[in-house]
Amino acid sequence: MKQDAKLAKNYDPKAFEERIYAAWEKSGAFHAVIDRAKKPFAIVMPPPNITGQLHMGHALDQTLQDVLTRWRRMQGRCALWLPGTDHASIATEMKVAEEILATEGKSKHELGRAEFLKRAWEWKRVYGGKITEQMRKLGNSCDWERERFTMDEGCNRAVREYFVRLYEKGLIYRGNRLINWCPRCGTSLSDAEVEHEDRKGTYWYFRYPGADGGEGIVVATSRPETMFADVAIAVHPDDARYGALVGTQVLIPLTDRRIPIIADAYPDPEKGTGAVKITPAHDPNDFEVGERHGLDMPSCIDENAAMTGLAEKYMGMDRFACRKAWVAELAEAGFLVKTEEKVIPIGECYRCGAVIEPLLSDQWFVRMEELARPAILAAKEGRLTHVPERFEKIYLHWLAEVRDWCISRQLWWGHRIPAWHCDACGGIAVASETPRACPDCGATELRQDEDVLDTWFSSALWPFSTLGWPENTEELAYFYPTDVLVTGYDIIFFWVVRMVFSGLEIMGDVPFERVYVHGLVRDAEGRKMSKSLGNGIDPLEIIERYGADALRFTLISGVSAGGDMRFQTEKLEGARNFANKLWNASRFVLMNLPAADGEDGATAGDSASATGTRPDGDSATPAGTPAGGEDGALADEDLWMLRRTAEAAAEITRNMENFELSVAAQKIYELTWSDYCDWYIELVKERLYGGDEAEKARALSVLTRVLRDILKLLHPFMPFITEEIWGFLPPEGGAPAQAGTRDETSPESLLIRAAWPETAPPDGPDPATERIEKAKEVIRSIRNLRAEAAAAPSKLLNAVIVASPENLEALRREEGHLKKLAGLAAIEYASDKSGLPEETASAVTGAAEIFIPLDELIDYKAEFERLHKENARVADDVARISAKLANPGFTGKAPAKVVNAERERLAACEEMAAKLAARIAVVEKKLS
RNA sequence: GGGGGCAUAGCUCAGUUGGUUAGAGCGCAUGGAUCACAACCAUGAGGUCACAGGUUCGAAUCCUGUUGUCCCCACCA
């Protein structure tokens, strides 16, 4: 696909992002081909729910992963980023049911299970497709040939196999236990799916009269409607108040049901009245007490949150309506002793927000203790690490406290539990394939369990089910364990923890070595983006307006590990402007390169990257010491720029290794904008326009080389623009070529060809670099002086530079730069000030003193102020450093390197102070 | 009830093992249509690093406490 030879004047991401993505995908470069000679790098994508569309949180999550994947791929690793989507059992089921109700006016039960599932699969087709399209717009370099869905055939096999294995080990069991029930969703939930919220509530204190006519006992409760299922009153055995009552019986008020007063360690004498009503079927603590004492466990609330027959006349009434009526009735009858307003933590369904009702129910559970142990160990032994580290504490704490995991759900959309009930003998057969007959009695009439599994049961297998487990695939052997899991802190408990223990159990190894945890994307005011607030921002709209690269750069720049970020349009504009800057710098380079139809562009596209190693293993050319015999011919600014690039590349690599992606992005930004655009391009223009063709070619060679390195370093963050520009540059290390040909599917594309710049910058000082730094300093101070004196930028000035012989020599070599960038007509060099006219403006830098006869523009007042300010600062420094050096503690204990640096600094400051003092005296005289 | 994060320029945030003058972007001020870019360039102003102690030759950085703020966990007597 050949494109126009020229870059458009303005950066317009819409002109190329889609085209480039299509070409990338077509090239097959996202597909990780197993290569034993390469080190693998694998990330499995946290699969977005198919409930809707991608939001900003996904965009952040996926950009982080894409940056890491592209970077590692450029480093020559066999990089796999495995994409997919999640069936999200309960969430999707609710959405689909809602839709059916809205469009057809039918409930899911009216539709029936089979028909409902058909609709759900259709939903998956539509929304799953939308989501993967969005991922492409973001620029995700994921391996689409390995795309998976948590409910596809392979995942289903993995789920069945895993279930059976745990069952056979006794780690999955079926039991009649107290579970969290959501009456609105009509299903059980795991502990993790219950959210706790503090709500205002009431403690009602009721008297339970003695069965023998005695006073009885007063207990507090926030849920009077559960009284119908009370089976005992418990008091602490050491509670002197109630010692005599233990063993006696009381009546549930207004009923004739007698319940015993028992002694148990559970009641806290400090809380309430110290006596607790025990309702095993509706409270987890009470359930335990009930088990300890062998109590009955009747239920008075059913799965619809309505009262059962146990509540007698309230039967069928909603639990909260019953509460109200019952309290009124008890109060009327004189059993209500007092009430107390209190803040009570209430459990709510994380999906629908309904108040959770603890119910006694037949469900499937995973026994957690044995599974949690190795997961705890893996973190403690460092086989699993968290970035940032503090999340390890959270992870460990949860695992230490975890209770058995209720995995069955009374839903339709999900993995059906691989268990079959035999009505003949009442037995249960658990098998990965449908059994023909009951293994216990041989009956052939088997009924598969109606329930499906918690959605997280299948997500827990994601890192290995996607690689082919339970088959022994090559992928599994090569990529497992994966390198890093990138995810938000909000699903550590739901997901990360469960992947870890599942991986350890099944694969005998952690599913990933690192967990990189990020936070939430908030709106500009710092609020959580939510549907109810309507403050969500659609990533697609942002891409439409600013381009995917700007979005990605914004997300990466704003995020530090584990922290939330605010999403602001100013940041987007900044990122977009940065892209435009790079675009125009590239345009500048390209327009100076020999044209595409030119006969000889050899010197422009000559050497390989300054610092790279290509994937085919070619050796790198260290920056600062370029290949060929042109070393001596490179100008100071070339050497300076190459060195800066190599230094930046080394730092950026280190930042990437430490997951400091925002710092890395910041450094590329600086390298590109400050060093390359603001200084290097300006410095190099003299040679480009100077008429010396050899100089021009050399300058272009370095311009191109550094631009390539910038494109490479930036590519993980802004893949589209870097690829687009890359395509216009002459092929790297290839035959002599010209600007203006491009084809991103070719093997020369950045994605396929470019290697991450790796070579360390040279050690030690470099005279050329130092000369440029001195020149920059002088240029800056002259510009400052000029601005202060309000001298027209176009007006050329004459300057006298006074400095040490060494610095004079250095600055003399940069004369062209000084003249051009500071707007000077002529420069005179002097080693002392004698003989200088006094009618002059001046500036003082570390390297030199500059005097500029500005004629009528001299503003001694401004200069006086500036010099004074400068002087005050230097004097401060002198005082502080002198004090430091006079302190024997410092000179004795600080490292010699630090002490020497301070000595040198002091000398420099003192010299500066002397220069300033002299000049101030002159200016003062002028003013008076 | 338990645990954790954060507090740095007007705003949003960096500041990697303690060591030059604490940085960036935006915003602000001044000047500028210069032939890569006004989505730009140049120059500048702006911070007692929440507060109080402590460790250290040296603290934005480590420790303790205080205040403010956000979050997570927790079986609703």
Side-chain angles (χ1 to χ4, degrees), chain A residues 7 9-11 178 180 191 194 196 198-199 201 203-205 219-223 234 267-268 271-277 283-288 342 344-347 355-356 358 388 390-391 393-394 397-398 401 403 489-490 492-493 519 524 526 557-558 560 562-566 568 570-571 573-592 654-655 658 660 662-663 666 669-670 677-678 681-682 685 689 780 783-788 790-794 873-874 876-877 880-881 884 887-895 897-898 901-902 904-905:
Chain A
L7 287 182
K9 182 173 176 193
N10 273 309
Y11 164 66
L178 208 63
N180 305 298
D191 292 344
V194 178
H196 294 88
D198 285 342
R199 284 200 192 170
Y203 276 7
W204 286 275
Y205 289 75
V219 301
T221 178
S222 64
R223 294 188 301 159
D268 177 355
K271 276 172 96 174
T273 62
V276 187
K277 67 187 210 54
D283 182 280
N285 292 307
D286 295 5
F287 179 78
E288 284 174 17
K342 267 202 108 150
I344 298 171
I346 300 289
V355 175
I356 292 299
R390 69 187 133 93
F391 285 98
K393 206 180 277 182
I394 296 173
H397 179 254
W398 194 82
E401 303 281 305
R403 299 194 299 171
Y489 53 66
D490 47 337
I492 292 179
F493 307 132
S557 314
S560 59
D564 293 349
M565 66 165 296
R566 289 189 199 208
Q568 292 162 311
E570 300 87 70
K571 290 182 188 168
E573 278 166 19
R576 192 263 328 260
N577 293 354
F578 173 54
N580 188 54
K581 187 73 183 175
L582 174 67
W583 184 264
N584 278 294
S586 306
R587 227 159 55 87
F588 173 78
V589 173
L590 287 166
M591 102 195 173
N592 282 289
R654 213 177 51 239
N655 292 136
N658 295 334
E660 295 157 352
S662 65
V663 180
Q666 182 59 32
Y669 182 97
E670 270 171 36
C677 294
D678 289 346
I681 285 184
E682 295 307 322
K685 276 178 180 173
Y689 303 142
R780 259 196 285 253
R783 283 171 172 173
N784 175 359
L785 208 156
R786 201 185 186 69
E788 203 168 72
S794 53
R873 212 171 63 205
V874 173
D876 274 358
D877 284 353
R880 195 167 26 80
I881 301 167
K884 218 176 192 180
N887 180 352
F890 176 68
T891 47
K893 292 188 186 175
K897 206 174 143 191
V898 174
E902 290 295 318
E904 278 172 30
R905 234 188 105 214

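The model shown is predicted, which means the values in this text are computed figures rather than measured ones. Lettering of chains follows the sequences in order, A, B, ..., and the numbering in each one begins at 1.
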Nearest-angstrom distance from the residue atom NZ of A:Lys342 to C1' of B:rA77: 8 Å
N/O (side chain, A:Lys571) to phosphate O (OP1/OP2, B:rG25) under 4.0 Å: no
Sugar-phosphate only, base, or nothing, as touched by A:Arg905 at under 4.0 Å among non-hydrogen atoms: base
Partner nucleotide, any strand, of B:rA38 [Watson-Crick/G-U, under 3.5 Å]: none
Distance in Å, A:Cys677 SG paired with A:Glu682 CD, rounded so as to fall on 0.5 Å steps: 9.0 Å
Phosphate OP1/OP2 of B:rC40: any A:Asn577 side-chain N/O under 4.0 Å: yes
Phosphate-side-chain proximity, A:Arg654 and B:rU16, N/O vs OP1/OP2 below 4.0 Å: no
B:rU12 pairs with, by Watson-Crick or G-U criteria that keep both distances under 3.5 Å: B:rA24
Span that lies between the C1' atom of B:rC40 and that of B:rA33, in whole angstrom: 10 Å
Distance test, side-chain N/O of A:Arg390 to OP1/OP2 of B:rG4, below 4.0 Å: no
Between B:rG25 and B:rG65 - P atom distance, rounded Å: 38 Å
Candidate pair A:Asp283 and A:Arg223, rule salt bridge (charged side-chain N to carboxylate O under 4.0 Å, His left out), full reasoning: CA-CA 10 Å; A:Asp283 182 280; A:Arg223 294 188 301 159; 3.8 Å; yes
Contact nearer the 5' end of RNA chain B, comparing A:Ala524 with A:Gln666: A:Ala524
Between B:rC73 (P) and A:Ile346 (CD1): distance, integer Å: 16 Å
Exam field: side chain A:Lys571 to backbone A:Arg566, donor-acceptor pair closer than 3.5 Å: yes
Pairwise P distance, B:rC37 and B:rA42 [rounded to whole Å]: 15 Å
N or O in side chain of A:Asn10 less than 4.0 angstrom from B:rC37 OP1/OP2: no
Touch class at under 4.0 angstrom, heavy-atom based, for A:Met591 against every strand present: sugar-phosphate
Nucleotide paired to B:rC76 in any strand shown, Watson-Crick or G-U, under 3.5 Å: none
Base-pairing mate for B:rU43 - Watson-Crick or G-U, with both contacts under 3.5 Å: B:rA29
A:Asn887 side chain to A:Gly889 backbone, donor-acceptor under 3.5 Å: yes
Short side-chain N/O contact from A:Lys393 to OP1 or OP2 of B:rG5, under 4.0 Å: no
Closest to the A:Val898 side chain, choosing from B:rC37, B:rG19, B:rC76: B:rG19
Euclidean distance for P, B:rG15 against B:rU8 (whole angstrom): 14 Å
Nearest atoms (heavy-atom pairs only) where A:Arg199 meets A:Ile346: CB-CG1, 3.9 Å
A:Arg880 side-chain N/O to B:rU21 phosphate OP1/OP2 under 4.0 Å: yes
Sugar-phosphate only, base, or nothing, as touched by A:Leu178 at under 4.0 Å among non-hydrogen atoms: nothing
Base of B:rA36 paired with side chain of A:Glu682 (donor-acceptor, under 3.5 Å): yes
Candidate nucleotides B:rC76, B:rA39, B:rA14, ranked by approach to the side chain of A:Asn580 - the nearest: B:rA39
Position toward the 5' end of RNA chain B (nearest nucleotide), A:Asp564 or A:Arg403: A:Asp564
Value in whole Å for how far the C1' atom of B:rC71 lies from NE2 of A:His196: 16 Å
Which nucleotide in B:rC73, B:rA77, B:rC41 has an atom nearest any side-chain atom of A:Lys581: B:rC41
B:rG27 versus B:rG10 - spacing of their C1' atoms, nearest Å: 7 Å
Nearest-angstrom distance, P atom, B:rA45 to B:rA29: 16 Å
Pairing partner (Watson-Crick or G-U wobble, both distances under 3.5 angstrom) of B:rA60: none
Sugar-phosphate only, base, or nothing, as touched by A:Asp191 at under 4.0 Å among non-hydrogen atoms: nothing
Sugar-phosphate, base or nothing in reach of A:Ala585, heavy atoms under 4.0 Å: base
Touch class at under 4.0 angstrom, heavy-atom based, for A:Val276 against every strand present: base
Shortest non-hydrogen contact between A:Met591 and A:Tyr689, atoms and distance: CE-OH, 4.3 Å
Same-atom distance (P) from B:rA7 to B:rC63, integer angstrom: 14 Å
Pair A:Glu573 + A:Arg576: basic N to acidic O under 4.0 Å: no
For atom CZ of A:Arg780 and atom P of B:rC41, their distance in whole Å: 14 Å
Nearest-neighbour nucleotide for the A:Tyr203 side chain, B:rA77, B:rG19, B:rA36 considered: B:rA77
Side-chain N or O of A:Lys685 closer than 4.0 Å to phosphate OP1/OP2 of B:rA36: yes
Between B:rC71 (P) and A:Arg566 (CZ): distance, integer Å: 12 Å
Backbone of A:Val663 reached by a side-chain donor or acceptor of A:Asn655 within 3.5 Å: no
Interatomic distance where CZ belongs to A:Phe890 and P belongs to B:rG58 [whole Å]: 11 Å
Nearest-angstrom distance from the residue atom CZ of A:Phe588 to C1' of B:rC37: 11 Å
No-H, no-angle donor-acceptor pair, A:Arg576 side chain to B:rA39 base, under 3.5 Å: yes
Euclidean distance, atom NZ of residue A:Lys271 to atom C1' of B:rG1 [Å, nearest integer]: 8 Å
Phosphate contact (B:rC73 OP1 or OP2) by A:Tyr489 side-chain N/O below 4.0 Å: no
A:Arg223 side chain, from C-beta outward: closest of B:rG19, B:rC76, B:rU16: B:rC76
A:Tyr203 six-ring face occupied by A:Lys271 cation (under 6.0 Å, within 45°): no
Separation of the C1' atoms in B:rA52 and B:rA9, to the nearest angstrom: 24 Å
Pairing partner of B:rA7 (Watson-Crick or G-U wobble, both distances under 3.5 Å): B:rU67
